[in-house]
2 protein chains.
Amino acid sequence: MDDKVLSKSSTLADEVFDQIRTAIVEGELAPGSKVNEPQLSKHYGISRGPLREAIRRLEGCKLVEIKPNVGAKVVSLNREQAIEIYEIREALEGVACRLAATRAGTEDCTRLRELLAHHEQQIQSDNGRRYFQKEGDLDFHYLIVQLSSNTRLFNLLCGELYHLQRLYRCQTSSEPLRPEQAFKEHHQIVDAIENHDGELAELLMKRHISRARETLVSQLNQIVMN
Amino acid sequence: MDDKVLSKSSTLADEVFDQIRTAIVEGELAPGSKVNEPQLSKHYGISRGPLREAIRRLEGCKLVEIKPNVGAKVVSLNREQAIEIYEIREALEGVACRLAATRAGTEDCTRLRELLAHHEQQIQSDNGRRYFQKEGDLDFHYLIVQLSSNTRLFNLLCGELYHLQRLYRCQTSSEPLRPEQAFKEHHQIVDAIENHDGELAELLMKRHISRARETLVSQLNQIVMN
DNA sequence: TGGAGATAAAATGTCAACAATAACTAAAGA
DNA sequence: TCTTTAGTTATTGTTGACATTTTATCTCCA
């Protein structure tokens, strides 16, 4: 009998890192809650050594904050920090879009079209809600960043910022923001990429994320009012 | 007698992290070289436990790469990766500049002016060389990112990308790139910030970094020719 | 009743030893 | 001479125990 279903050639610290990360991003570990080492090491059945290494990796992803002699806490993003992330995404995905427009081949554009078509199908059969709830929105952004062919940019966005975004959405249990409008903007962006118009693609993507940020801000303001 | 000159309320792993990071960035630990745990733990007089945590933090900063069961290696940036960093810097410092233009107060602009005046003085008394060799260039970019008031952006640039940039400069022992021209561009950028013209400030900064990237690329091409 | 201080419990930081894997060395065969 | 293979060495991965610090609890006193 094999050791496990799918665990080989990887270290304990890395495996537990993955598990804790998804636990954080999916809200299983509440934002702001303490990361208790003895408790977690017991839960995952490992020693504190590799666990601490995993926590240090989580710190690198900005998913936990460590205070010396006090311990790690799951990050809790406030309104300002969420906006900061949008500001960074706007810049990074803007350049990702520009690069994608210059570097994407015809087959890449086909994939983008197919992705959008698939999403459109889901929207029509679902009244437009599930698309953005089920991270279909991120799928689109994911693919564009991939097409930028900038590995570091990909790791930054897909390995760090998107996780934080998901954490925030889960934390505030926020509803999908303006799905129909966003979907139209996605189409415009693909148009620009297909035309290899890097400048326009960058502009559209920056505007796309900027609008999402503004929608979030106004939504947050509304919550404060209530 | 005190324990040490300046070491308290911090953990061993964090202290060693700082030491190794500077050792890497300053070229003391050669790019591509192996990070030997027994050797380093002996050198710094600590156990392998905290050392491994420090290495994991270094991995988070992208300064080392860890392979399971093999160990960590100091990153060695190739030409493509250096360009990737420039592409990211262009986007991030662009938005940093835009934010700085909208958020910087009069006293902040005064600080920028003083910094440039100080640099100008150094240039005149030094024939323009030391300014950019001694990271005076980074001082300028540092301050602007601070003025953006985006903490995450600051940590990203100043806590990660600038270190990688220094590593690459040290690795290729590259000379300062076009100091006089860059200095003029710095002045233009401050002008835009002082006028609270965010759009222009972003444009100028992006162009500034874009030119630096192009200079680097042509310089690298020249090396290939020889 | 409320707070200050002492005590106890728990958590974090650190270390040294053991296990498992990879890297190196040397011998044997073609 | 080169390649393969076995054995040895070194390094990484993991664990449990100990030290130190923080946090919680309890007592005492105003």
Side-chain angles (χ1 to χ4, degrees), chain A residues 1-4 6-21 23-24 29-76, chain B residues 1-4 6-21 23-24 29-76:
Chain A
M1 187 171 173
D2 294 342
D3 279 327
K4 279 176 184 174
L6 168 69
S7 76
K8 215 46 176 301
S9 77
S10 183
T11 173
L12 275 186
D14 291 331
E15 291 178 12
V16 170
F17 163 78
D18 272 332
Q19 297 187 48
I20 299 181
R21 181 172 63 176
I24 290 177
L29 265 65
S33 67
K34 194 163 180 342
V35 177
N36 190 307
E37 291 183 10
Q39 175 186 327
L40 279 182
S41 72
K42 191 172 230 173
H43 179 267
Y44 290 108
I46 64 170
S47 172
R48 277 180 54 222
L51 176 66
R52 284 172 67 88
E53 294 181 26
I55 293 175
R56 274 278 153 61
R57 279 197 65 186
L58 291 170
E59 184 191 23
C61 300
K62 311 294 171 59
L63 284 174
V64 303
E65 289 171 348
I66 301 180
K67 279 186 186 174
N69 292 313
V70 174
K73 275 187 5 181
V74 180
V75 293
S76 177
Chain B
M1 190 168 171
D2 294 343
D3 279 325
K4 278 177 184 174
L6 169 69
S7 77
K8 217 41 177 302
S9 76
S10 184
T11 172
L12 274 185
D14 291 331
E15 291 176 13
V16 170
F17 163 78
D18 272 331
Q19 297 187 48
I20 299 181
R21 180 173 65 177
I24 291 176
L29 265 65
S33 66
K34 195 166 177 346
V35 177
N36 190 306
E37 291 182 10
Q39 176 186 325
L40 279 182
S41 71
K42 191 174 231 174
H43 180 267
Y44 290 108
I46 64 170
S47 173
R48 277 181 54 222
L51 176 67
R52 284 172 67 89
E53 294 182 25
I55 292 175
R56 275 275 154 60
R57 279 197 65 187
L58 291 170
E59 184 191 22
C61 298
K62 312 295 172 57
L63 285 174
V64 303
E65 289 170 349
I66 301 180
K67 278 186 187 174
N69 293 315
V70 174
K73 273 185 8 180
V74 179
V75 293
S76 178

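No experiment lies behind these values; they were computed from the predicted model shown. Note on naming: letters A, B, ... go to the chains in the order of the sequence lines (proteins, then strands), and numbering restarts at 1 for each one.
For B:Arg52 and D:dG13, the shortest distance from a side-chain N or O to OP1 or OP2 is below 4.0 Å. Residue B:Lys34 places no side-chain N or O under 4.0 Å from the OP1 or OP2 atom of D:dT11. Applying the 4.0 Å criterion to OP1 and OP2 of C:dT14, one finds that B:Thr11 has a side-chain N or O inside that range. An OP1 or OP2 oxygen of C:dA22 is reached within less than 4.0 angstrom by no side-chain nitrogen or oxygen of B:Lys67. Distances shorter than 4.0 Å separate none of the side-chain N or O atoms of B:Asn69 from OP1 or OP2 on D:dT11.
In summary, of the residues considered (B:Arg48, B:Arg57, B:Arg52), a salt bridge (Lys or Arg N to Asp or Glu O under 4.0 Å) with A:Glu53 occurs for B:Arg52 alone.
Whole-Å rounding puts the B:Ile66 CD1 to D:dT11 P distance at 17 Å. Distance CG (B:Leu51) to P (D:dT11): 13 Å, rounded to an integer number of Å. One interatomic measurement links the two molecules: NZ of B:Lys73 to C1' of C:dA22, which rounds to 15 Å at whole-angstrom precision. Distance A:Leu12 CG to D:dG16 P: 12 Å, rounded to the nearest Å. At whole-Å resolution of the value, CZ in A:Arg56 and P in C:dG13 are 7 Å apart. If you take CG of B:Asp14 and C1' of D:dT21, they are 15 Å apart, rounded to a whole angstrom. One atom, OH of A:Tyr44, and another, P of D:dT14, lie 16 Å apart when rounded to the nearest Å. Here the C1' atom of nucleotide D:dG13 and the CD atom of B:Glu37 are 9 Å apart, to the nearest Å.
Using a 4.0 Å cut-off between charged side-chain N and carboxylate O, B:Glu59 and B:Arg56 make a salt bridge.
Counting non-hydrogen atoms of neighbouring residues, nucleotides and ligands closer than 6.0 angstrom, the NZ atom of B:Lys34 exceeds 12 such neighbours.
When the nucleotides C:dC15, D:dT15, C:dA11 are ranked by their closest atom to the side chain of A:Asn36, C:dA11 comes out on top.
Mapped onto DNA chain C by nearest heavy atom, B:Glu53 and B:Arg48 fall at different nucleotides, with B:Glu53 at the one closer to the 5' end. Comparing A:Val70 and A:Ile46 along DNA chain D, the residue whose closest nucleotide (by nearest heavy atom) sits nearer the 5' end is A:Ile46.
Residue A:Gly49 is classed as a base contact, given a heavy-atom separation below 4.0 Å to a base. Counting non-hydrogen atoms under 4.0 angstrom, A:Pro50 reaches a base of the nucleic acid.
Between B:Glu37 and B:Leu51 the shortest side-chain heavy-atom distance falls below 4.5 Å.
Contact between A:Ala13 and A:Ala54 at its shortest, heavy atoms only, is O-CB, 3.5 Å.
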